[in-house]
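The figures here come from the full heavy-atom set of this structure, side chains too, leaving out hydrogens, waters and symmetry mates. Keep in mind that this is a model prediction, so the values were computed, not measured. Each ligand, and each atom within it, is numbered from 1 in the order the structure gives.
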Amino acid sequence: MSEKVKKPVYQPNREFAKDARIKNMCEYNDLHRWAEEDYEGYWDHFAKEKIDWMEPYHTVLDESNMPFARWFEGGKLNVAEQCIDRHLDTRKNKAAIIFEGDRGDSQIITYRELYYNTNKMANLLKNEFGVKKGDRVIIYMPMIPEAAYAMLACARIGAIHSIVFGGFSAEALRDRIADAEAKVVITADGAYRKSKPYMLKPVVDKALDGETPVEKVCVVERNGGDITWVPGRDYSYNELVKDQPSECPAEPMDSEDPLFLLYTSGSTGQPKGVQHNSAGYILWAQMTMEWVFDVKENDTYWCTADIGWITGHTYIVYGPLAMGATTIMFEGVPTYPDAGRPWKMVEEYKINQFYTAPTAIRVLHKLGENEPAKYDLSSLKVLGTVGEPIDPPAWKWYYEEIGNSKCAIVDTYWQTETGGHIVSPLPGATPIKPACATLPLPGIMGEILDPETGKKTEVGEGGYMCVTRPWPSMIRGVWGDPERFKKSYFGDVVKDGKPVYFTGDGANYDEDGYITITGRTDDVINVSGHRMGTAEVEAAVKKHAGVAEVAVVGKPHELKGEGIFAYIVLKGEDTLAEEIEMVKEINQVIKKEIGNIALCDEMVFVPGLPKTRSGKIMRRILRAIAKGEEITQDTSTLEDPGVVEEIQSVVNSCMI
Ligand code: PRX
């Protein structure tokens, strides 16, 4: 890389570093070296230090059946106990969760209250709905404290929860329920968005219409909206919970017993149920909370994610509570009533760590450039980003205007599958560069490898972001499909004769060995920090009877990072009137099959798609056309080379 394009380097704030858990790069290097030299000893040390074991483990790591690694075999623990019970001696009156509702209503839940509320919900699941260890429970909830109680209640009795983001449609919910063979759904009547009530229970009703494994539905009251009750199936949480005992013994769980499933998009049309297990997951959730956010005993921490995504699991609920922190749960949207809402909350709650997605930063910047100056943001110590690459202008605004040029920005790189951060700066130690995830966290053997040779890539060369040894919080399997697990993550890169975990992301090293993530190498796109499989969107579009063929690609988007761009071949006549009608209808189908989050930003109707003679769609060409780039690829091998020009002229005419 030439001198001219070198990114500026920002040193950690000295005052902050004095008190940080990892204070400088020497400490980082020592930890990293320790893990390299004695991998099992390293993890053994932290597992003993961080987890209150019911029974000790006998084996730190079993790699005999890779890629199915097993951690802390023989040990027993309960994740809800880790998150609640063990804090009761010293933190019973400390706020565990601070809830801020969409309309500004708020509630503080202490650790003691969290204990009682979780136990009551656990007893309700056990006694009224017959939920047992290993049963799957779907949580389809808004961002209200009961969603956290539901997660922890499942953990307490050993049930496996699977949260489905509240923006998913009935069809998407139905698919996930069926795949997980869930027995119970926990939902709410609805919630509030921008002061207006919206409903969730009717979506559940639709998802359960027809054959379903679900026997009971537990409905939490949030907005009091009118809902239909199916006798014998639907029960009111608020009525039943009152009479439940407030003590519920925590089920002793094996280290490798599943804790939750979370469905995420892959390169096929069918989302996969990423499985995380108990001990390894909670260990890394807590360690990364402590190291990356450096939350102190009296701090207030806010992660703006939704519990429907992995960020909400690890960094709103499990990580903060495992370390005994105070975590904010926010029901609303950051731009309502205006784009100063988050900064107003920072002032009001004296928030010390703030964690959000680059999309939110771009929107808050665009809609409220002058808002931060109206509030006292001096409590902030660490700022985090997650979910997508952050662009340098957004980074600069975040650093200067929100962090007053004194807070570290931790650009945390990770995935649903990694359970917790894998590449990230440490706020007291790592010199940071804008839009750069920097270095693997100590204990994570993250490397950028050449997919052909399996060798570490050189500076600026570009390669595949891999992890070469199993780590405690890694995905344990794809629910019900061990082959898909192997194929999806261990099929592409082989190092020294061994398949290694491949994230699906491209990355490169700079001259300091820092890692910059360049984006997915597969057909997964990242819309507003949410992962979206192009095949999933295509499968939905194809459900419209008038569609003959479709190909979906990502296109850079000013606010969302990437937008969804669809090339559609119609079966019938391709008149303007027909196309206008089809755009509406296809969006309706997407809404029904997946939800609003998958709506296309652009649709173009083309006469055909560029395919090889064996019928494979050349997506690279479609991506280039969507971006308005020159086609540098040889198109002569296409079945119909002329189609490229035809597509280009359609796209160009749409852009005029
Ligand atoms: O492409 C990477 C991107 O988000 C993907 C993971 O998405 P998901 O499983 O939904 O989890 C999102 C929250 C962890 C990754 O494969 N990604 C995540 N963090 C970053 C990122 N891309 C660049 N920089 C990041 N910090």
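Close contacts between ligand 1 and Gly387 involve ligand atoms 3 (C), 4 (O), 17 (N), 18 (C), 19 (N), 20 (C), 21 (C) [criterion: under 4.0 Å to a heavy atom]. Annotation for ligand 1: atoms under 4.0 Å from non-hydrogen atoms of Val386 are 13 (C), 14 (C). Taking a cut-off of under 4.0 Å to the non-hydrogen atoms of Ile517, the atoms of ligand 1 that pass are 22 (N), 23 (C). Short contacts between ligand 1 and Asn526, defined as distances under 4.0 Å to a heavy atom of the residue, involve ligand atoms 3 (C), 4 (O). Of all the atoms in ligand 1, the ones that sit under 4.0 Å from a non-hydrogen atom of Pro389 are 22 (N), 23 (C), 24 (N). Listed by atom number, the atoms of ligand 1 under 4.0 Å from Thr412 heavy atoms are 19 (N), 20 (C), 25 (C), 26 (N).
Residues Ser169 and Lys592 share a closest heavy-atom pair of OG-O, 2.7 Å.
One finds a salt bridge joining Glu511 and Lys433 here, because a Lys/Arg side-chain nitrogen approaches an Asp/Glu carboxylate oxygen to under 4.0 Å. Using a cutoff of 4.0 Å between basic side-chain nitrogens and carboxylate oxygens, Arg341 and Asp102 are not scored as salt-bridged. A salt bridge is absent between Lys455 and Asp450: the closest approach of a Lys/Arg side-chain nitrogen to an acidic carboxylate oxygen does not fall below 4.0 angstrom. Salt bridge annotation for Asp510-Lys7: absent, with no cationic side-chain nitrogen under 4.0 angstrom from a carboxylate oxygen.
At under 3.5 Å, not a single nitrogen or oxygen of Thr503, backbone or side chain, sits near a nitrogen or oxygen of ligand 1. Between Glu417 and ligand 1, no N or O atom pair is found at a separation short of 3.5 Å.
Neither the backbone nor the side chain of Thr385 comes within 4.0 Å of ligand 1, counting heavy atoms alone. Both the backbone and the side chain of Thr416 come within 4.0 Å of ligand 1, judged by heavy-atom distances. Only backbone heavy atoms of Glu388 (N, CA, C or O) come within less than 4.0 Å of ligand 1; its side chain stays farther off.
Using a 4.0 angstrom heavy-atom cutoff, Trp414 counts as in contact with ligand 1. Contact between Gly504 and ligand 1 is absent, with no heavy atom of the residue lying under 4.0 Å from the ligand.
Closest heavy-atom approach to atom 1 (O) of ligand 1 within the set Val524, Ile525, Asp505: this belongs to Asp505. The residue among Thr311, Asp411, Thr518 with a heavy atom at the shortest distance from atom 26 (N) of ligand 1 is Asp411.
Protein heavy atom at the shortest distance from atom 7 (O) of ligand 1 is Arg531 CD, 3.2 Å.
A donor-acceptor contact closer than 3.5 angstrom links the side chains of Asp179 and Tyr263.
Atom NZ in Lys495 sits 5.0 Å away from atom OG1 in Thr468 (nearest 0.5 Å).
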For a side-chain hydrogen bond (donor to acceptor under 3.5 Å, both in side chains) check, start with the C-alpha distance between Thr288 and Tyr315, then their side-chain angles and the critical distance, and finish with the verdict. CA-CA 9 Å; Thr288 47; Tyr315 297 112; 2.7 Å; yes
Stepwise side chain to side chain contact (heavy atoms under 4.5 Å, CB included) check, His276 with Val274: CA-CA 7 Å; His276 281 289; Val274 171; 3.8 Å; yes
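Taking the ring centroids of Trp302 and Phe293, they lie at or beyond the 6.0 Å cut-off.
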